[in-house]
Trainee: 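Here you go, one structure.
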Amino acid sequence: MSLIVQKFGGTSVANAERVMNVAKIVTDTFAQGNDVVVVVSAQGDFTDVLVDKQMEINPKASRREQDMLLAAGEQISIALLAMAIEKLGYHAVSLLGWQAGFETSSSHTSARIKRVDPSRIREALDRRNIVVVAGFQGLSRYGDITTLGRGGSDTSAVAIAAAMHADLCQIYTDVEGVFTADPRKVENAKKLDEISYDEMLELATLGAQVLNNRSVEMAKKYNIELEVLSSLTRAKGTIVKEKSKMEKMLISGVAKDTDIARISVTGVPNNPGIAFKMFSKLSKKDINVDIILQSIGHDGKKDISFTVAKSRGQEAVDALKDYMESHGASGIQLDENVAKISIVGAGMESHAGVATKMFEALYDAQINIQMISTSEIKVSVLIDAVDADKAVKAIHAKFFD
Ligand code: ADP
Ligand code: ASP
Ligand code: MG
């Protein structure tokens, strides 16, 4: 007998028919003689509906209360799925995050999982139940409900798989696996049979939302093999694991991130220590900086541009404005209409010309590059947001057609 963790995202449980479909998948797995722990997300876009409700009342609501609200979506779906499983003649127990033993940090709306104590899940399994756990949520040491950040249910599933030494962790979603680009945006995107943790981590971090990046980080840390597959077709999916034969592929995918803003500080004095002072203002506010570009100095002045998450853009400008201007900078601009397009692949390390090929695709499509950043397994460019989809298609075509 194996222990299998199966996670189902919002689309997979969006309505009664879909919930019954999930109950069928889960009970089939149980009937084959396995212990089954199921992790579910809120139905459809219900979490967005809850965010809208908050915005109507108080956009600046405390993060504790935001979590109290956001965690409600998953409570509905676990109860409905447990009822659907009962209807098929099996025993099921639904558990909220805290009941399932999720202890998290107290950073509301982006809490980190500290520990999962799976004893209650274990007891329920021992009594031959299918256990249905609410994803995306836990409890802080102050006894408050927390959530893990959007898309966090993937991480809940991997955390249970790690804590219980599961034999398999399956992430069921609305596409048949991990593709070379978002299959909803790029028609001829190809499904990957396998992908390594490192490449998947980059793709997820750079905008491929099919897996939450923290879930991949955790899967790598605890060596949990993941399978990403469709709850609708049940076709063979993509395996995410340590070493993959795909590793020798030149690139494994193209990703797009539009949740990004560019800040440019112009006419900064070209003196030692200026970058240090500027970025320490931001790190004090816990604002992460991504791509950084500094111009060559001219006439004793230089320009520094960098990117941050869109949600932190204005805050970053506010943190810098007075200070930079009092130190001689001529201006500071915020541009929220940008997108980061990236290619990821472990194979590029040993191949010259990969970045050139990407730039050529952008040139052919007449798309201007604002910034560039590279590492051993990725190349990212910052471009105008209106060109984002066109850029992904052009780059994908260059590498995969
Ligand atoms: P779930 O609700 O099941 O967690 P998500 O919406 O979070 O599903 O993630 C699945 C979506 O990720 C797909 O519908 C697809 O549009 C998108 N996606 C983006 N990039 C990729 C990619 N490279 N491969 C597969 N899906 C991708
Ligand atoms: N329901 C949450 C969200 O929409 C968590 C998840 O889907 O993983 O972000
Ligand atoms: Mg998701």
Side-chain angles (χ1 to χ4, degrees), residues 1-8 13 22-23 25-27 29-42 67-68 70-86 90-108 111-149 152-172 212 214-215 217-227:
M1 181 163 55
S2 300
L3 170 62
I4 300 181
V5 177
Q6 298 182 320
K7 181 260 169 178
F8 295 87
V13 291
V22 168
I25 296 175
V26 168
T27 53
T29 312
F30 182 83
Q32 285 157 14
N34 302 297
D35 277 343
V36 185
V37 180
V38 193
V39 175
V40 274
S41 300
D67 274 353
M68 193 57 100
L70 290 185
E74 274 68 15
Q75 180 160 355
I76 297 173
S77 41
I78 55 171
L80 292 176
L81 180 58
M83 292 171 189
I85 294 170
E86 284 174 358
Y90 295 81
H91 295 291
V93 177
S94 63
L95 298 174
L96 289 169
W98 66 269
Q99 295 174 304
F102 276 83
E103 290 171 27
T104 73
S105 70
S106 54
S107 47
H108 285 285
R112 296 213 154 237
I113 299 170
K114 291 203 153 158
R115 204 167 80 96
V116 180
D117 170 1
S119 47
R120 188 148 175 202
I121 298 179
R122 173 57 57 211
E123 279 167 32
L125 289 175
D126 289 345
R127 290 196 306 273
R128 304 303 301 135
N129 288 289
I130 293 170
V131 182
V132 185
V133 177
F136 178 55
Q137 55 174 259
L139 198 70
S140 74
R141 67 192 170 103
Y142 305 108
D144 288 320
I145 303 286
T146 54
T147 66
L148 307 178
S153 297
D154 298 333
T155 314
S156 307
V158 176
I160 292 179
M164 303 190 73
H165 308 287
D167 300 284
L168 182 62
C169 184
Q170 294 179 310
I171 309 288
Y172 284 89
N212 182 273
R214 276 160 61 190
S215 73
E217 216 168 55
M218 193 179 291
K220 178 178 158 79
K221 183 167 172 195
Y222 295 100
N223 202 24
I224 310 285
E225 203 171 291
L226 302 179
E227 183 181 7

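The shown structure was predicted, so the numbers you read here are calculated from the model rather than taken from an experiment. The figures that follow rest on heavy atoms only: side chains count, while hydrogens, waters and symmetry mates do not.
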Trainee: Just by distance, do the side chain of Asp67 and the backbone of Thr147 share a donor-acceptor pair under 3.5 Å?
Mentor: yes
Trainee: So, for Gly135 and Val39, which heavy atoms are closest and what is the spacing to 0.1 Å?
Mentor: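 That closest heavy-atom pairing would be CA-CG1, 3.7 Å.
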Trainee: Would you indicate whether the side-chain heavy atoms of Leu70 and Phe136 approach each other to under 4.5 Å?
Mentor: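 A side-chain contact exists here, since the closest heavy-atom pair is under 4.5 Å.
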Trainee: Working to the nearest 0.5 angstrom, can you tell me the gap between Glu217 CD and Lys220 NZ?
Mentor: 10.0 Å
Trainee: Students often mix this up, so state it plainly: with edges at 30° and 60°, are the rings of Phe30 and Tyr90 parallel, tilted or perpendicular?
Mentor: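 Perpendicular, since the angle between the ring planes exceeds 60°.
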Trainee: On a heavy-atom basis, which atom in Ala84 and which in Ala23 lie closest, and how many Å separate them?
Mentor: CB-CB, 3.7 Å
Trainee: For a side chain to side chain contact (heavy atoms under 4.5 Å, CB included) with Phe8, tell me which candidate from Ile171, Val26, Val132 qualifies.
Mentor: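 Checked Ile171, Val26, Val132 against Phe8; only one passes side chain to side chain contact (heavy atoms under 4.5 Å, CB included): Val26.
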Trainee: What's the separation between atom OG1 in Thr155 and atom CZ in Arg112, rounded to the nearest 0.5 Å?
Mentor: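 These two atoms lie 9.0 Å from each other.
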Trainee: Of the non-hydrogen atoms in Ala124 and Val131, which two are nearest, and what is the gap between them?
Mentor: CB-CG2, 3.6 Å
Trainee: Restricting to pairs with a member in residues 153-163, which pass salt bridge (Lys or Arg N to Asp or Glu O under 4.0 Å), not counting sequence neighbours?
Mentor: Lys7-Asp154
Trainee: Applying salt bridge (charged side-chain N to carboxylate O under 4.0 Å, His left out), can you list everything that pairs with Asp144, at least two apart in sequence or on another chain?
Mentor: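 Partners of Asp144 under the salt bridge (charged side-chain N to carboxylate O under 4.0 Å, His left out) test: Arg64.
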Trainee: For Thr146, which residues count as a side chain to side chain donor-acceptor pair (under 3.5 Å) partner, sequence neighbours excluded?
Mentor: Thr104
Trainee: State, with a plain yes or no, whether a side-chain heavy atom of Leu95 is found less than 4.5 Å away from one of Ile78.
Mentor: no
Trainee: Does CD in Gln75 sit with more than 12 non-hydrogen atoms of other residues, nucleotides or ligands closer than 6.0 Å?
Mentor: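 It does not: Gln75 CD has 12 such atoms or fewer within range.
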Trainee: Where is the tightest heavy-atom contact between Ala166 and Val5, given as atom of each residue plus distance?
Mentor: CB-CG2, 3.9 Å
Trainee: To the nearest 0.5 Å, what is the distance between CD (Gln6) and CG (Leu168)?
Mentor: 8.0 Å
Trainee: Does some side-chain heavy atom of Glu74 sit less than 4.5 Å from a side-chain heavy atom of Ser41?
Mentor: yes
Trainee: Say whether, by atom type as modelled, one donor and one acceptor occur between the side chain of Asn212 and the main chain of Arg214 under 3.5 angstrom.
Mentor: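 Here the side-chain-to-backbone pair exists.
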Trainee: For residues 156-168, pull every pair meeting side-chain hydrogen bond (donor to acceptor under 3.5 Å, both in side chains), keeping only residues two or more places apart or in separate chains.
Mentor: none
Trainee: Under a 4.5 Å cut-off applied to non-hydrogen side-chain atoms, are Leu139 and Ile145 in contact?
Mentor: yes
Trainee: Rounded to the nearest 0.5 Å, what separation is found between the CD1 atom of Ile85 and the CD1 atom of Ile130?
Mentor: 4.5 Å
Trainee: Atom NE2 in His91, atom OG1 in Thr27: separation rounded to 0.5 Å?
Mentor: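 His91 NE2 to Thr27 OG1: 13.0 Å, rounded to 0.5 Å.
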Trainee: Going by salt bridge (Lys or Arg N to Asp or Glu O under 4.0 Å), name the pairs with one or both residues in residues 91-106, residues two or more places apart or in two chains.
Mentor: Glu103-Arg115
Trainee: Within the 4.5 Å heavy-atom criterion, are Phe102 and Leu96 side-chain neighbours or not?
Mentor: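 No, every pair of side-chain atoms sits at 4.5 Å or beyond.
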Trainee: Rounded at 0.5 Å granularity, tell me how far OG in Ser94 sits from CD1 in Ile76.
Mentor: 12.5 Å
Trainee: Taking all non-hydrogen atoms of both residues into account, name the closest pair between Ala159 and Ile113 and its distance.
Mentor: CB-CD1, 3.7 Å
Trainee: Go through the steps to decide whether Leu80 and Val13 satisfy the test side chain to side chain contact (heavy atoms under 4.5 Å, CB included), and finish with yes or no.
Mentor: CA-CA 9 Å; Leu80 292 176; Val13 291; over 6 Å; no
Trainee: Filter on side-chain hydrogen bond (donor to acceptor under 3.5 Å, both in side chains), then keep only pairs touching residues 121-140, sequence neighbours left out; what's left?
Mentor: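 Residue pairs passing side-chain hydrogen bond (donor to acceptor under 3.5 Å, both in side chains), neighbours aside: Asp35-Arg128.
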